[in-house]
Amino acid sequence: MDPIRTVGEKIAEACRLTTEPLAVYGSDRIPEGAVHLPVIDRCIAAAMVKMAMEKGVPAFYLGSDATAGCCPGGLSHTGYVKRSPAISYFVSTGNPGIPNAPAEYLKASPELVDRCFEAEGKITPPGRYLVVRTCASVPDPVRSVRAISCFGTAEQIRNLSALVHFDRADPFSPVIVPWGPACATIVTYPAGIAERAPKESAFIGPQDPTINRSLPPDLIAIGLPIAVARRVAGNIDASFIAK
């Protein structure tokens with residue numbers, strides 16, 4: 001079985017990515033060289049964009065005893081804090097009981113937000129700490145990697161999506177665009193943190209416009225469950241991208 005760094009290298013080279021593929025995993029201890037999430041950005045997805053593009057800090061972590069300065073939504077979506085009912089109002093129409101309550105208007109009603117979150121099933125942290133790091137920096141043997149997430153142009157991610165489809169008969173479910181915060185697309189769903197996230201699907205997006213401040217308009221992301229990422233890397237030589 002190829003080391004994670006090799007899987008990342010194969011995908012990046014085949015799809016001509018100019019960004020670093022990122023590995024998502026759980027750990028019982030803080031890895032050496034990793035920084036606390038807010039050192040980069042309070043938002044998990046924004047920190048991942050910086051890590052992939054700037055090639056500086058190789059790893060960050062967060063956890064139930066490392067929550068200070070982290071986005072509450074990201075903490076709840078990775079299972080380290082309980083989701084506040086206020087999030088459903090914030091994501092939708094605002095709280096009618098609070099004058100000038102902040103709202104994102106991403107969903108028609110707070111009840112609809114609740115139903116979407118309930119559809120995800122139980123949210124279970126991957127370990128005492130969630131760690132995101134560049135694939136190139138993953139020490140071997142780390143066997144707990146759950147997902148690999150990549151950022152690229154439309155063409156690069158289009159080609160990577162075609163690789164996901166290469167050995168699949170179903171034309172619909174191998175690559176999907178799910179609803180949810182940006183961190184869900186590239187962490188929660190592909191890493192299996194959400195109980196009902198499809199385990200054989202890649203997740204393309206984010207469709208969450210609140211990440212527009214951090215994600216350049218010409219880039220998009222894809223989150224690959226590790227089994228899907230390994231299959232993609234293994235199919236490169238037989239596929240269109242090498243032929």
Minimum heavy-atom distance Pro174-Val164, with the two atoms named:
O-CG1, 3.6 Å
Might you confirm whether atom CZ of Phe172 has over 12 heavy atoms from other residues, nucleotides or ligands at distances under 6.0 Å?
no
Hydrophobic cluster identity match, Leu112 and Phe90, side-chain contacts under 4.5 Å
no
Apply side-chain contact (heavy atoms from CB on, under 4.5 Å) to Met48 and Val187, showing your working.
CA-CA 10 Å; Met48 291 174 72; Val187 174; 3.5 Å; yes
Measuring from atom CG of Leu130 to atom OG of Ser64, what distance do you get when rounded to the nearest 0.5 angstrom?
11.5 Å
Any Leu163 side-chain heavy atom under 4.5 Å of Ile236 side chain:
yes
Out of curiosity, Cys135 SG to Ile4 CD1, how far, rounded to the nearest 0.5 Å?
6.5 Å
Does the gap between the ring centers of His36 and Tyr61 come in under 6.0 Å?
yes
With sequence neighbours left out, which residue pairs that include part of residues 162-176 fulfil the side chain to side chain donor-acceptor pair (under 3.5 Å) condition?
Asp167-Arg231, Asp167-Asn235, Asp170-Ser173
Filter on salt bridge (charged side-chain N to carboxylate O under 4.0 Å, His left out), then keep only pairs touching residues 29-43, sequence neighbours left out; what's left?
Asp41-Lys50, Asp41-Arg213
Set of residues satisfying side-chain contact (heavy atoms from CB on, under 4.5 Å) with respect to Arg158, sequence neighbours excluded
Ala154, Glu155
Specify the closest pair of heavy atoms between Leu37 and Ala47, including all atoms of both residues, with the distance to one decimal.
CD1-CB, 3.5 Å
Flag the pair Leu62 / Thr67 as yes when at least one side-chain heavy-atom distance between them is below 4.5 Å, and no otherwise.
no
Would Ile222 and Phe151 count as a side-chain contact (heavy atoms from CB on, under 4.5 Å) here? Give the steps.
CA-CA 7 Å; Ile222 189 168; Phe151 296 88; over 6 Å; no
Between the side chain of Gln207 and the main-chain N/O of Val177, is any donor-acceptor distance below 3.5 Å?
no
Looking at side-chain heavy atoms only, is the closest gap between Glu104 and Thr210 below 4.5 Å?
yes
Fit a plane to each ring of Phe203 and Tyr189, take the angle between them on a 0 to 90° scale, and name the class: parallel (under 30°), tilted (30 to 60°) or perpendicular (over 60°).
tilted
Applying salt bridge (charged side-chain N to carboxylate O under 4.0 Å, His left out) to Asp114 and Arg83, what does each step give before you reach the verdict?
CA-CA 10 Å; Asp114 288 340; Arg83 180 171 61 90; 3.6 Å; yes
Lys199 vs Pro225 side-chain heavy atoms within contact, under 4.5 Å:
no
Contact check, side chains of Pro181 and Ile44, non-hydrogen atoms, under 4.5 Å
no
Please report the shortest heavy-atom distance between Pro178 and Thr185, naming the atom on each side.
CG-OG1, 4.2 Å
With heavy-atom distances below 4.5 Å as the criterion, would you say the side chains of Ile241 and Asn159 are in contact?
yes
Quick check: closest heavy atoms across Ile148 and Pro21, and the distance to 0.1 Å?
CG2-CB, 4.1 Å
Between Ile211 and Cys43, is any pair of side-chain heavy atoms under 4.5 Å apart?
yes
Under the side chain to side chain donor-acceptor pair (under 3.5 Å) test, which residues partner Ser144, sequence neighbours left out?
none
So, does Ser137 use its side chain to make a donor-acceptor pair with the main chain of Thr134 at under 3.5 Å?
yes
What closest approach, in Å, do Trp179 and Val91 show between heavy atoms, and which atom pair accounts for it?
CZ2-CG1, 4.0 Å
Does the side chain of Tyr89 reach to within under 4.5 Å of the side chain of Pro96, using non-hydrogen atoms?
yes
Look at atom OH of Tyr25 and say whether more than 12 heavy atoms of other residues, nucleotides or ligands are closer to it than 6.0 Å.
yes
Which residue pairs pass the side chain to side chain donor-acceptor pair (under 3.5 Å) test when at least one of the two sits in residues 5-22, sequence neighbours left out?
Asp2-Lys10
Evaluation steps, salt bridge (charged side-chain N to carboxylate O under 4.0 Å, His left out), between Asp237 and Lys243:
CA-CA 7 Å; Asp237 288 344; Lys243 296 295 186 183; over 6 Å; no
Shortest non-hydrogen contact from Ala229 toward Ile11
O-CD1, 4.0 Å
Quick one: do Cys150 and Leu17 satisfy side-chain contact (heavy atoms from CB on, under 4.5 Å)? Show the steps, please.
CA-CA 8 Å; Cys150 302; Leu17 300 179; 3.9 Å; yes
Any side-chain donor near an acceptor of the partner, Asp65 and Tyr80, under 3.5 Å:
no
Apply side-chain contact (heavy atoms from CB on, under 4.5 Å) to residues Leu224 and Ser149 and explain how you reach the verdict.
CA-CA 6 Å; Leu224 308 168; Ser149 291; over 6 Å; no
Any chance you could pull the hydrophobic cluster mates of Tyr105, using side-chain heavy atoms under 4.5 angstrom and chaining through other members?
none
Side-chain donor or acceptor of Arg146 paired with backbone N/O of Ala191 under 3.5 Å:
yes
